[in-house]
Number of protein chains: 2
Amino acid sequence: MLSDVMEDYLKAIYVIEEESGPPVATSSIAERVEKTAPTVTSMLDTLAERGLVTREKYEGAELTAEGRTVAIEVLRHHRLLETYLAERLDYSWDEVHEEADALEHHISEAFERRVADVLGEPAADPHGDPIPSPDLEPPGGEATVPLSACEAGDRVVVARVSDRDDADLAYLDDAGVTPGTTVAVVDVAPFGMVTVAVDDGEQSLPESVAESIHVTVADTPEPDSAETGAGA
Amino acid sequence: MLSDVMEDYLKAIYVIEEESGPPVATSSIAERVEKTAPTVTSMLDTLAERGLVTREKYEGAELTAEGRTVAIEVLRHHRLLETYLAERLDYSWDEVHEEADALEHHISEAFERRVADVLGEPAADPHGDPIPSPDLEPPGGEATVPLSACEAGDRVVVARVSDRDDADLAYLDDAGVTPGTTVAVVDVAPFGMVTVAVDDGEQSLPESVAESIHVTVADTPEPDSAETGAGA
DNA sequence: GGACGGGATTAGACGCATCTAATTCATAAG
DNA sequence: CTTATGAATTAGATGCGTCTAATCCCGTCC
């Protein structure tokens, strides 16, 4: 039996692999799971013994197929729970994460299946993150870019928003920046501050927030008049 | 923060107090939580240090007011979950227990409240056990007796059925012996085997099962002619 | 190429929940 | 009153996940 703790590490490694690819550094796992580096090192040893990760000393870790499957199952639990809480228990978009984190390790296969059934096997959770299918294959990621990488003039559709910071989430919800909405990038200032136009006005977002918003570009500005180059 | 494990002990002590009153013996806790006696002893020490139980060596343990409140909260979680699973997630009566046991320690106050809300603050779970109210006062137990203590001729209403053995539960469900149904006691044989009449025939239940079914007596046989029965 | 700096690992310890084996206690039987 | 019996406790060890402090390795900078 895998402990909750091990599942948390595997999940962390998975999402880091998703965003930066393997190998995954000890320190980035440590940051994500909020443990010290030596703790992570020893857990990686345990995980490696169990065949859930491979690793080389001083390099980094990488999930095995088995470890990846476990991680994806946890992620499926997490995202199904978030969706269920939002749809059936009146949770708001920004509240679901914590509860799902607490429950994801403790639901049975039966629970997972029934929740998926009553929801109709949804494809994405309230933050826009894809919900892995029951076969636990890695969900196909459609190409998205962080909002922080966009340029002034782009019109973009919000694909997903990191679920890691409740305060940011509440703010974005309030601002009308939710998965599926279209926003126009008004300005990208020095240090990454991004200003976007939404239905009810303009919002300026610090870089840290803009990084956590992933979008698909609907429309790029035409590179035509005076402002073509490394402008502004 | 109280660990899940501590909550389990407190819950166990509470239900044992319910059925036999304090003080609660180390060995009966050990049996219920499926741990060895020394393990229970040391946990009782911990619990006593935290002010959740009082105890005297070689005597037994008793919940403090605080310990009782914790136990009742866990029980509220458990029974709300059982009810929710049965009503909203298509679980059968005999499946809910295990899932509720796994989840009861991990749901938030918010979750508890919302589940109670969508269910309309139910009074009893699918096994007939009373669901503690949000104030966490001990739920008022209406007087019931175990089916094993009934006599031939009694007509009784099933009040609640222990949720501890899935196989028994499935059998009883199939037999039509569920909370709220009325059954007639046909015979009480030596060693406690009880035969009851239900809608679809007669069922013979071993004593262990008959002990776990609590009933209210609707009608006692008049100690008079051979067949006083008020006309079946 | 040698020293430095920062991330990673090893060393060693701790707290918790658990176990088995040995001991102690309460009490029922003689 | 003494002893036997069974329950409860103490003693001592284990596994796990965690920490801090010390050491080690690798890539960079002079």
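We use all heavy atoms of the structure for the numbers below, so side chains are in, but hydrogens, waters and symmetry mates are not. Computed from a predicted structure; not experimentally measured. In the text below, chain A, chain B and the rest are named by the order of the sequence lines, each starting its count at 1.
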When you get a sec, tell me which of C:dT18, D:dG17, D:dT20 is the closest nucleotide to the side chain of A:P38? D:dT20

Whole angstroms only, please: what is the CD-P distance between B:E31 and D:dA8? 12 Å

Is the shortest side-chain N/O distance from B:T39 to OP1 or OP2 of C:dA17 below 4.0 Å? no

Using OP1 and OP2 only, check whether a side-chain N or O of B:S3 sits under 4.0 Å from C:dA17. yes

Value in whole Å for how far the P atom of C:dA17 lies from CD of B:E34: 18 Å

What nucleotide, of C:dT18, C:dA8, D:dG17, holds the atom closest to the side chain of A:T26? C:dA8

By nearest-heavy-atom nucleotide on DNA chain D, the more 5' of B:R55 and A:V5 is B:R55

Closest-nucleotide ordering on DNA chain D, the 5'-leading residue of A:Y9 and A:E59: A:Y9

List the atom pairs, with distances to 0.1 Å, where a side-chain N or O of residues 72-87 of chain B and a protein N or O form a donor-acceptor pair under 3.5 Å, not counting sequence neighbours.
residue	atom	partner	partner atom	Å
B:R76	NE	B:E112	OE2	2.7
B:R76	NH1	B:E121	OE2	2.7
B:R76	NH1	B:P132	O	2.9
B:R76	NH2	B:E121	OE2	3.2
B:H77	ND1	B:E104	O	2.9
B:H77	NE2	B:E112	OE1	2.7
B:H78	ND1	B:D101	OD1	3.3
B:H78	ND1	B:E104	OE1	2.8
B:H78	NE2	B:E82	OE2	2.9
B:H78	NE2	B:H97	ND1	3.1
B:H78	NE2	B:D163	OD2	3.4
B:R79	NH1	B:P130	O	2.8
B:E82	OE1	B:H127	ND1	2.8
B:E82	OE2	B:H97	ND1	3.3
B:T83	OG1	B:R79	O	2.7
B:Y84	OH	A:Y84	OH	2.6

A:T41 side chain near C:dT10 phosphate (N/O to OP1/OP2, under 4.0 Å): no

Taking only side-chain nitrogens and oxygens of B:S27, does any of them come within less than 4.0 Å of OP1 or OP2 of D:dA8? yes

Report yes if a side-chain nitrogen or oxygen of B:K57 is closer than 4.0 Å to either non-bridging phosphate oxygen (OP1 or OP2) of C:dT24; otherwise report no. no

Please determine if B:R114 and B:E109 form a salt bridge, counting it only when a charged side-chain N lies under 4.0 Å from a carboxylate O. no

Just the rounded figure in Å: distance from C1' of C:dG6 to OH of A:Y58. 12 Å

Just how far, in rounded Å, is P of D:dA8 from CD of B:E56? 15 Å

Gap between atoms NZ and C1', on B:K35 and C:dT20 respectively (whole Å): 16 Å

B:A25 side-chain proximity, nearest of D:dA8, D:dT10, C:dT9: D:dA8

Would you call A:D125 and A:R160 a salt bridge, using N to O less than 4.0 angstrom? no

Atom-pair distance (CG on B:D4; P on C:dT18), nearest Å: 10 Å

Could you check whether B:S148 and B:E211, counting side-chain N and O atoms only, form a donor-acceptor pair closer than 3.5 Å? no

B:M1 CE to C:dC16 P, in whole Å, measures 14 Å

Check whether the side chains of B:T64 and B:T54 place a donor and an acceptor atom closer than 3.5 Å, and report yes or no. no

A:L44 CG to D:dT18 P: how many Å, rounded? 12 Å

